[in-house]
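Here the structure comes first, spelled out in structure tokens, and everything after it is commentary.
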Amino acid sequence: MSQSQTTTNHDEIRKWAEERQGRPAVVRTKGEGGILRIDFGEPEEAFDPIDWDEFFRIFDENDLAFLYQAKTSDGKSSRFNKFVERDRKT
């Protein structure tokens with residue numbers, strides 16, 4: 001069984017993405033910033049490449065967390081990821 005993890009740690013996110021040849025990207029919207037994505041080089045949407053500094057600025061400004069999977073159920077490296085709202089525990 002595969003498990004997902006959630007993090008807000010910039011180094012952990014960057015390491016996970018780079019180990020899978022992923023690069024920071026954004027889908028531009030009408031407002032500032034955009035919708036964050038990890039680009040694995042497969043044509044899906046109109047991804048604009050950005051640097052890690054801009055990526056994490058948007059990530060933090062929008063109080064996001066990174067939900068990801070390290071391995072698939074059969075033990076292979078997984079590229080599953082999703083941006084979610086941060087847990088707001090008081």
Side-chain angles (χ1 to χ4, degrees):
M1 181 180 217
S2 58
Q3 288 188 321
S4 296
Q5 302 169 342
T6 304
T7 187
T8 58
N9 182 290
H10 294 188
D11 293 333
E12 190 175 338
I13 296 166
R14 185 173 180 164
K15 181 177 186 245
W16 180 92
E18 290 178 345
E19 284 176 350
R20 291 156 178 80
Q21 287 74 52
R23 295 168 301 286
V26 69
V27 176
R28 297 290 179 190
T29 59
K30 291 184 183 198
E32 270 205 39
I35 302 167
L36 291 179
R37 294 288 185 257
I38 302 292
D39 183 4
F40 296 105
E42 298 168 359
E44 287 183 30
E45 297 183 55
F47 291 149
D48 284 338
I50 57 176
D51 62 29
W52 284 110
D53 288 337
E54 182 179 359
F55 180 90
F56 288 120
R57 180 187 58 76
I58 296 168
F59 181 81
D60 289 334
E61 285 177 358
N62 288 283
D63 289 321
L64 297 174
F66 186 66
L67 175 72
Y68 68 100
Q69 185 179 54
K71 301 273 183 196
T72 61
S73 59
D74 61 359
K76 295 181 181 173
S77 182
S78 175
R79 291 200 269 175
F80 170 79
N81 70 92
K82 183 177 180 179
F83 296 94
V84 297
E85 284 187 29
R86 288 185 189 176
D87 236 351
R88 296 195 185 267
K89 295 180 181 168
T90 53

Contacts of D51 that satisfy side-chain hydrogen bond (donor to acceptor under 3.5 Å, both in side chains) - sequence neighbours left out: none
Of all residues at least two apart in sequence or in a different chain, which pass the side-chain hydrogen bond (donor to acceptor under 3.5 Å, both in side chains) check with T8? none
For residues V84 and I38: do they belong to one hydrophobic cluster (side chain heavy atoms under 4.5 Å, members Ile, Leu, Val, Met, Phe, Trp, Tyr)? no
Can you check whether [X] reaches [Y] side chain to side chain, under 4.5 Å on heavy atoms?
X	Y	value
R86	D60	yes
Y68	S4	no
F47	V26	no

Cation-pi, F40 ring and R20 (6.0 angstrom, 45 degrees): no
Take the angle between the ring planes of F83 and F66 and call it parallel below 30°, perpendicular above 60°, tilted in between. tilted
Between [atom1] on residue [X] and [atom2] on residue [Y], distance to nearest 0.5 Å:
X	Y	atom1	atom2	result
S77	Q69	OG	CD	9.5 Å
I50	L36	CD1	CG	5.5 Å
T72	R79	OG1	CZ	12.0 Å
D87	D63	CG	CG	11.5 Å

For L64, is there any backbone N or O sitting under 3.5 Å from a side-chain donor or acceptor partner on N62? no
W52-E18 side chain donor-acceptor pair, cut-off 3.5 Å: yes
Classify the side-chain pair E12/T7 by whether it contains a donor and acceptor separated by less than 3.5 Å. yes
At their closest point, which heavy atom of T6 faces which heavy atom of A65, and how far apart are they? CG2-CB, 3.6 Å
Going through the checks in order, is the side-chain contact (heavy atoms from CB on, under 4.5 Å) test met by F55 and H10? CA-CA 10 Å; F55 180 90; H10 294 188; over 6 Å; no
Decide salt bridge (charged side-chain N to carboxylate O under 4.0 Å, His left out) for R37 and D48; before the verdict, give the C-alpha distance in whole Å, the side-chain angles of both, and the deciding distance to 0.1 Å. CA-CA 9 Å; R37 294 288 185 257; D48 284 338; over 6 Å; no
Are K71 and E19 within salt-bridge range, i.e. N to O under 4.0 Å? no
